[in-house]
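Here the structure comes first, spelled out in structure tokens, and everything after it is commentary.
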Amino acid sequence: MTAPPPVGAPPAVEKEKDERKPAKQKIDPWNVAGEVDEGGNVKAIDYDRLIEDFGVQPLTRAHLDRFEKVTGKPAHRLMRRKLFFSHRDFDKILDYYEQHGQFMLYTGRGPSSGSMHLGHTVPFLFTKELQELFDVPLVIMLTDDEKFLHTRNKNEGQMKAGSAPEDFLNFAHDNARDIIALGFDPKKTFMYSDYEFLGGHFYRNVSEFESMVTYNQASGAFGFNESTNIGLISFMAKQCVAAFPSSYPDLFGLPDYRAPDYDSSAKRRHKELASIPCLIPCAIDQEPYFRMVRDRSERMHDPHPKPALIMSKFLTALQGPGGKMSASDPNSAIFMSDSPAQIKNKINKHAFSGGQQTEEEHRRLGGNPDVDVAFTYLSYFLEDDAELEDLAKRYRAGEILTGEMKAKCISFVQGFVADFQKRREGVTEEVMREFMRPRRLVYGGNPNPVKKQKESSDGWAGAGSEAVGGGEGKEGKEGRGTKGERKAAKLAEKKAEKEAEKLALREKS
Ligand code: TYM
């Protein structure tokens, strides 16, 4: 007779244990797996090792202090708890914002399914908070093309039912609605599907970037081989140049040269956009893309500052800390479309427990919240530090049982997902299309930048916060539209100026 499984241990992990061969941990945009030891056990992802392997920097208390000083607000709970744990040039972005008043935020989603999972909400909720604090423009890229190419590659060149380009475009629309339901401000946010938007200045940046990457470099960073389709090999240039504000002149009130206007005066890159820096919040699996862009951004014909990054750990799979919650494994994930009963069932059945085998042992020895999935999920979402600390303490002391921790997690996640689903119902096609319309974004940035010189001391060119800054309601020098429309806009602007002058005179007299 085989021994009963430990309390809370998911059957899937038990079953796979013997089948797994020893392997190093593997983290890249398409694979997230902890090390597998000689006994076939999957280990937790070693984030300290990742910091070393990827050559990124740890996010320290000093960064949090600096963040609090610049924003005047406490650091986000995900930073306080080291769930956002690493960065590149985050300190430079803070300096830049303090001095010049703006930067561009950029993040994204590869729409691989019609619903996002709980883990995907992590970088988006964090980004939303950064956008509110800094009052800066945000672009959200939906890489429907990447997911089509990756899926076809995974299926060894076959295009299976439900995985044609239009299927991924539909997922992009579904996911766009999910993202909007997290509460982004349409005035400051532009979201796009690659299949719908790529062209104009974006595509010319893609082309220039592609010319700087060899096959060897791409396969070195992403592990491609001779059988990888060439679409996937070259895709990365798109995710890279999406970090350049010069890819989106419309958002900054400058003209693009694409259809339907073909404004030939706008063919040359807008240099003032090339100098605006960018901050990318994401989980650390996306780092290989941004290593590529950082290595090449200053070699663009108009040099762009290296994009800065702030990176999180993965919300773990239900099965435990050796993998990430993943849309391709439904049992590993709680989807934002799950019903309360599904959430309850998944957590009760699959969530790995840090508790002891029996209640008696648990009371005596206590549990381990560090590996307990229910506690881990709460640590991402519960705002109150003291409440979380208390839960951990009482779990360690054996006062809280596994079942009780799971019940707390279930009730929290059910509430979070239900609120989300209610908001998502209100995201109509019209609302979605407004987010996806290229248009001038309206944002204020830092109202009191301390110095506005053209060259900053750290080598980042003084971006045109003066030249292309948002400013609540301010219209750009040359908004998008036909020449006639721009002329009319200029006349209207002059008229408004005259009226303001008249009003001022009247007030004086
Ligand atoms: P995708 O769809 O795999 O993931 C979307 C975002 O969610 C993060 N993520 C997670 N975060 C926490 N826990 C998890 N279990 C988890 N799984 C995924 C990802 O790191 C990402 O931030 N190619 C990208 C789309 C993309 C993008 C970007 C992402 C385009 N441009 C810029 C970030 C930044 C993708 O397929 O993401």
Side-chain angles (χ1 to χ4, degrees), residues 27-34 45 47 50 54 78 83-86 88 104-128 130 138-151 154 168 171-172 174-176 178-179 182 190-194 197-198 202 206 222 232 235-244 247 278-293 307-329 332-336 373 376-377 379-381:
I27 314 289
D28 64 41
W30 303 294
N31 303 285
V32 173
I45 292 165
Y47 288 103
L50 261 189
F54 283 2
L78 294 172
L83 298 172
F84 269 83
F85 74 111
S86 66
R88 285 188 191 273
M104 184 183 88
L105 276 167
Y106 158 48
T107 192
R109 155 85 178 128
S112 53
S113 59
S115 170
M116 302 214 307
H117 62 55
L118 198 61
H120 294 132
T121 68
V122 169
F124 284 104
L125 288 172
F126 182 67
T127 304
K128 176 172 111 69
L130 292 186
L138 162 67
V139 295
I140 300 175
M141 179 185 214
L142 300 169
T143 54
D144 35 16
D145 51 350
E146 175 198 17
K147 289 298 158 178
F148 164 69
L149 293 163
H150 171 65
T151 307
K154 206 172 63 180
F168 292 93
F171 289 158
D174 291 337
N175 286 192
D178 285 355
I179 293 166
L182 294 173
F190 173 56
M191 178 154 42
Y192 58 96
S193 126
D194 287 356
F197 175 68
L198 263 53
F202 195 113
V206 169
F222 295 98
L232 194 58
F235 163 76
M236 57 91 139
K238 300 172 186 83
Q239 181 154 334
C240 287
V241 307
F244 295 156
S247 299
C278 172
L279 172 65
I280 310 170
C282 57
I284 197 160
D285 57 336
Q286 302 297 312
E287 200 274 340
Y289 284 110
F290 303 122
R291 200 182 311 154
M292 297 295 283
V293 70
L309 293 162
I310 180 156
M311 289 166 286
S312 73
K313 298 179 180 170
F314 303 104
L315 190 75
T316 60
L318 282 158
Q319 286 74 15
K324 72 160 186 166
M325 193 174 267
S326 162
S328 58
D329 177 2
S332 77
I334 290 166
F335 288 92
M336 297 308 284
V373 167
T376 305
Y377 290 178
S379 73
Y380 274 80
F381 294 99

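We number each residue from 1, following the sequence as shown. None of these values were measured; they are calculated from a predicted model. Whatever order the structure lists ligands and atoms in, that order sets their numbers, starting from 1.
- In this structure, the protein non-hydrogen atom closest to atom 4 (O) of ligand 1 is His120 CD2, 3.6 Å.
- Atom 8 (C) of ligand 1 has its nearest heavy-atom neighbour, among Pro123, Ser326, Pro29, in Pro123.
- The side chain of Asp285, and not its backbone, has at least one atom closer than 4.0 Å to an atom of ligand 1 (non-hydrogen atoms only; side chain from C-beta on).
- Scanning the protein heavy atoms around atom 29 (C) of ligand 1, the nearest turns out to be Gly108 O, 3.3 Å.
- You'll find the side chain of Phe314 reaches within 4.5 Å of the side chain of Ile27, heavy atoms only.
- Under 4.0 Å from ligand 1, the heavy atoms of Gln286 that appear belong solely to its side chain.
- Cation-pi contact between Lys313 and Tyr47: present, with separation from the ring centre below 6.0 Å and deviation from the ring axis of at most 45°.
- Ring planes of Trp30 and Tyr289: perpendicular class, angle over 60° (limits at 30 and 60°).
- Shown in contact with Met325 at under 4.0 Å from a heavy atom are these atoms of ligand 1, numbered in order with element: 15 (N).
- For Phe290, every heavy-atom contact with ligand 1 shorter than 4.0 Å involves the side chain, none the backbone.
- A salt bridge links Glu287 to Arg88: at least one charged side-chain nitrogen sits closer than 4.0 Å to a carboxylate oxygen.
- Counting heavy atoms only, Gly119 comes closest to atom 16 (C) of ligand 1 of the residues Gly110, Ser113, Gly119.
- Checking only distances, Ala283 does come within under 3.5 Å of ligand 1, N or O to N or O.
- Ligand 1 has no nitrogen or oxygen under 3.5 angstrom from a nitrogen or oxygen of Ser312.
- For the ligand labelled ligand 1, residue Lys147 lies inside the 4.0 Å heavy-atom shell.
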Passes salt bridge (charged side-chain N to carboxylate O under 4.0 Å, His left out), Lys324 versus Asp285? Steps please.
CA-CA 10 Å; Lys324 72 160 186 166; Asp285 57 336; 3.8 Å; yes
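- Polar contact check, Pro281 against ligand 1: no nitrogen or oxygen pair lies under 3.5 Å apart.
- For atom 17 (N) of ligand 1, the nearest protein heavy atom (residue, atom name, distance) is Lys324 NZ, 3.3 Å.
- To the nearest 0.5 Å, atoms CD1 (Ile140) and OG (Ser193) are separated by 13.5 Å.
- Aromatic pair Tyr377/Tyr380: centroids not less than 6.0 angstrom apart.
- From the protein, the heavy atom lying nearest to atom 13 (N) of ligand 1 is Leu315 N, 2.8 Å.
- Residue contacts with ligand 1, taken as heavy atom pairs separated by less than 4.0 Å, do not involve Thr316 at all.
- Side-chain contact between Phe124 and Met116 is present, with at least one heavy-atom pair separated by less than 4.5 Å.
- Distance check, rounded to the nearest 0.5 Å: CE of Met292 to CD of Gln239 gives 12.0 Å.
- In this structure, CG in Leu318 is found 11.5 Å from OG in Ser326, a value given to the nearest 0.5 Å.
- Classified by interplanar angle (parallel below 30°, tilted 30° to 60°, perpendicular above 60°), the ring pair Phe190/Tyr192 is parallel.
- Proximity to Thr143 (heavy-atom distance under 4.0 Å) selects the following atoms of ligand 1: 23 (N), 25 (C), 30 (C).
- Atoms of ligand 1 lying under 4.0 Å from at least one heavy atom of Ile280, given by number and element, are 34 (C).
- Considering all non-hydrogen atoms of both residues, Val293 and Pro307 come closest at CG1-CG, 3.9 Å.
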Are Phe381 and Leu118 close enough, and set up right, to give a side chain to side chain contact (heavy atoms under 4.5 Å, CB included), and what steps lead you there?
CA-CA 10 Å; Phe381 294 99; Leu118 198 61; 3.8 Å; yes
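- For the atom pair Leu315 CG and Leu83 CG, the distance stands at 9.0 Å (nearest 0.5 Å).
- Every N/O-N/O distance between Tyr289 and ligand 1 stays at or above 3.5 Å.
- Contacts between Cys282 and ligand 1 below 4.0 angstrom, taking non-hydrogen atoms only, involve backbone and side chain alike.
- Of all the heavy atoms of Gln239, the ones lying under 4.0 Å from any atom of ligand 1 belong exclusively to the side chain.
- Proximity to Met141 (heavy-atom distance under 4.0 Å) selects the following atoms of ligand 1: 30 (C), 31 (N).
- Of all the heavy atoms of Thr107, the ones lying under 4.0 Å from any atom of ligand 1 are found in both the backbone and the side chain.
- Ligand 1 has no N or O atom lying under 3.5 Å from any N or O atom of Phe124, backbone or side chain.
- Considering backbone and side-chain atoms together, Tyr106 places an N or O closer than 3.5 Å to an N or O of ligand 1.
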